[in-house]
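What follows is a single structure, written as C-alpha cells, with notes after it.
The first residue of the sequence shown is numbered 1, and numbering continues consecutively from there.
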Amino acid sequence: MKASLALEELKSYAKTSRVSDLARFYRTGPGEYAEGDLFLGGTVPQTRSVAKNFKGLSFEELDKLFKSPFHEARLCAAIILNLQFKAVKTSQERKQIFDFYLKQVRAERVNNWDIVDVSAPWMGVCLTEVEDPMPLLIKLSKSKSLWQRRVSIILTFALIRSGDLAPTIIIAELLLRDKEDLIHKAVGWMLRELGKKDVMLLRSFLANHSHEMPRTMLRYSIEKLPERERKKWLVESK
C-alpha cells in the first residue's frame, strides 16, 4: 500500500466548490489559527472511506500522508492511526503507534482541531497503560503550539473514561489562562466529560476557578448541569 494511492483516492473526491467554504470554516486566512492550510474539498465521510481502504499503510507511508499540504490527507492519516490502534492487541503495539503519533504532533502535522479531536481521545488510551502520564501532558500543555496544548487536554479523555480524573483537573488548571478560544472549548469539553463521571469534582473545580475561567470554557463545562445550577455558576462567576 502506498500513500500516493490514498492521496489519489482523496483527490478523486475533490470538489472545488467546497474549498473556499472549508477554508473559512477551518480559519485558514492570514493571522488565523490554520493560516495557509489547503483543502481538496472532500467530505469527512469520504475521507473516512479512504482511511478504511488504506488502514494497512505502514508508518513510513503514513508519514508521507501526514506531511501532505492537504488537510484531508492529514485527517485521513490520523483516522488510519485510530483504526490501527483499535485493531492491535498488546500495549507494546499501542505504544509504537502512540510514539509515532507524538512524532506527528511535535512536527505540527496534527494541526487543526478536527485532526486533534479525531485522534487524541483514542491515542490517550496509551496513557492509561503508563505509570505516570503527567510529565508528557504537562510538557504538551506548556507548548507554544496551540495544537500541542489542545492535544494535552484531549488526551485526558481516555483517562476520564478509565476513571482517572486527576490529570484532567491538573491540565485544565494549567490552561486556565490560555488566550486561545479553541483551548477554552477543549478544556470546557473535558471538564463536562469529567462531570459525567464525578459531578462533585466538577463542582469543586468550578467553586475554585469559575471566577477566572474564560466564559466559553465555563459554558462548555456546565452544559450537562441542571438549568438552575448553570445560571447560578454564570451569575456567580461574573
Side-chain angles (χ1 to χ4, degrees), residues 1-88 96-125 140 143-155 157 180-183 185-186 189:
M1 280 189 167
K2 296 289 186 181
S4 58
L5 296 178
L7 187 57
E8 280 183 25
E9 190 168 326
L10 288 168
K11 287 181 176 178
S12 74
Y13 293 116
K15 194 170 183 180
T16 54
S17 61
R18 298 187 72 243
V19 169
S20 59
D21 288 341
L22 288 168
R24 281 194 297 272
F25 182 73
Y26 287 102
R27 307 286 181 85
T28 66
E32 293 184 310
Y33 57 70
E35 181 177 353
D37 202 359
L38 301 176
F39 290 84
L40 294 167
T43 66
V44 173
Q46 288 166 342
T47 300
R48 287 189 177 277
S49 174
V50 176
K52 188 175 181 181
N53 292 339
F54 288 87
K55 62 185 178 182
L57 283 181
S58 66
F59 286 166
E60 181 181 0
E61 294 300 313
L62 277 174
D63 193 66
K64 295 175 185 177
L65 267 191
F66 270 116
K67 288 177 179 176
S68 172
F70 294 110
H71 184 99
E72 291 93 340
R74 300 191 305 280
L75 178 62
C76 184
I79 295 170
I80 289 171
L81 269 193
N82 273 357
L83 295 174
Q84 293 182 355
F85 192 90
K86 294 173 190 177
V88 298
Q96 289 174 342
I97 295 172
F98 184 71
D99 288 346
F100 176 78
Y101 175 69
L102 282 183
K103 173 187 171 184
Q104 306 305 323
V105 169
R106 290 170 174 145
E108 292 291 276
R109 296 170 193 149
V110 180
N111 58 351
N112 212 314
W113 58 264
D114 59 327
I115 305 176
V116 173
D117 295 359
V118 82
S119 56
W122 289 104
M123 296 297 120
V125 170
L140 289 170
S143 171
K144 292 180 181 179
S145 164
L146 160 63
W147 307 120
Q148 291 185 39
R149 300 198 305 277
R150 188 169 174 107
V151 166
S152 75
I153 188 67
I154 303 297
L155 280 174
F157 201 167
E180 295 287 348
D181 186 61
L182 284 176
I183 299 299
K185 291 176 180 177
W189 174 21

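- Looking only at distances, no side-chain donor or acceptor of Q84 sits under 3.5 Å from a matching main-chain atom of S58.
- Counting non-hydrogen atoms of neighbouring residues, nucleotides and ligands closer than 6.0 angstrom, the NZ atom of K52 reaches no more than 12 such neighbours.
- Atom CG of L40 sits about 6.5 Å away from atom CG of L7, to the nearest 0.5 Å.
- Residue pairs satisfying the salt bridge (Lys or Arg N to Asp or Glu O under 4.0 Å) criterion with at least one member in residues 28-38, sequence neighbours excluded, are listed as follows: D37-R74.
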(message) Assess the residue pair H71 and I115 against the criterion (side-chain contact (heavy atoms from CB on, under 4.5 Å)); give the C-alpha distance rounded to whole Å, side-chain angles, the decisive distance to 0.1 Å, and a yes or no.
(response) CA-CA 9 Å; H71 184 99; I115 305 176; 4.0 Å; yes
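- Remark: side-chain polar atoms of E61 are paired, donor with acceptor, to backbone N or O of A3 under 3.5 angstrom.
- To the nearest 0.5 Å, the span separating CZ on R27 from CG on L182 amounts to 7.5 Å.
- Closest of all the heavy-atom pairs between A120 and L155 is O-CD2, 3.5 Å.
- Here the straight-line distance linking atom CD1 of I154 with atom CG of D117 works out to 5.0 Å at 0.5 Å rounding.
- Note: L75 CG to N111 CG = 10.5 Å, rounded to the nearest 0.5 Å.
- For the pair P121 and V116, the tightest heavy-atom approach, listed with the atom from each and the gap, is CD-O, 3.8 Å.
- Each salt bridge (Lys or Arg N to Asp or Glu O under 4.0 Å) pair with one or both residues in residues 96-106, not counting sequence neighbours, appears once here: D63-K103, K95-D99.
- A heavy-atom distance below 4.5 Å is found between the side chains of S49 and Y13.
- In this structure, CG on L81 lies 6.5 Å from CD1 on I97, to the nearest 0.5 angstrom.
- Heavy atoms only, all atoms of each residue included: G42 and L22 are closest at O-CD1, 4.2 Å.
- For the side chain to side chain donor-acceptor pair (under 3.5 Å) test, no residue two or more places apart in sequence or in another chain qualifies with S4.
- Here the rule is side chain to side chain contact (heavy atoms under 4.5 Å, CB included) with R48, and of N53, I80, T43, V118 only V118 fits it.
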(message) The test is side-chain contact (heavy atoms from CB on, under 4.5 Å); show your working for M123 and V105 and say whether it passes.
(response) CA-CA 11 Å; M123 296 297 120; V105 169; over 6 Å; no
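- Among all heavy-atom pairs drawn from K144 and R149, the shortest one is O-NH1, 3.1 Å.
- Here S143 pairs with Q148 under the side chain to side chain donor-acceptor pair (under 3.5 Å) rule; sequence neighbours left out.
- Taking R24 as the reference, D21 meet the side chain to side chain donor-acceptor pair (under 3.5 Å) condition, with sequence neighbours excluded.
- In this structure, the side chain to side chain donor-acceptor pair (under 3.5 Å) partners of S119, at least two apart in sequence or on a different chain, are Y101.
- For the residue pair S145 and E108, the shortest heavy atom distance occurs at OG-OE2, 2.7 Å.
- Side-chain atoms of F39 and R18, non-hydrogen and from C-beta on, never get closer than 4.5 Å to each other.
- Under the ring pair (Phe, Tyr, Trp, His ring centres under 6.0 Å) rule, W113 has a single partner from W147, Y33, Y26, which is Y26.
- The two residues A34 and N112 make their nearest non-hydrogen contact at CB-ND2, 3.3 Å.
- Separation of atoms NZ (K2) and CD (E8) is listed at 12.5 Å; rounding is to 0.5 Å.
- Below 30°, between 30° and 60°, or above 60°: for F157 and W189 the angle between ring planes is above 60°, a perpendicular geometry.
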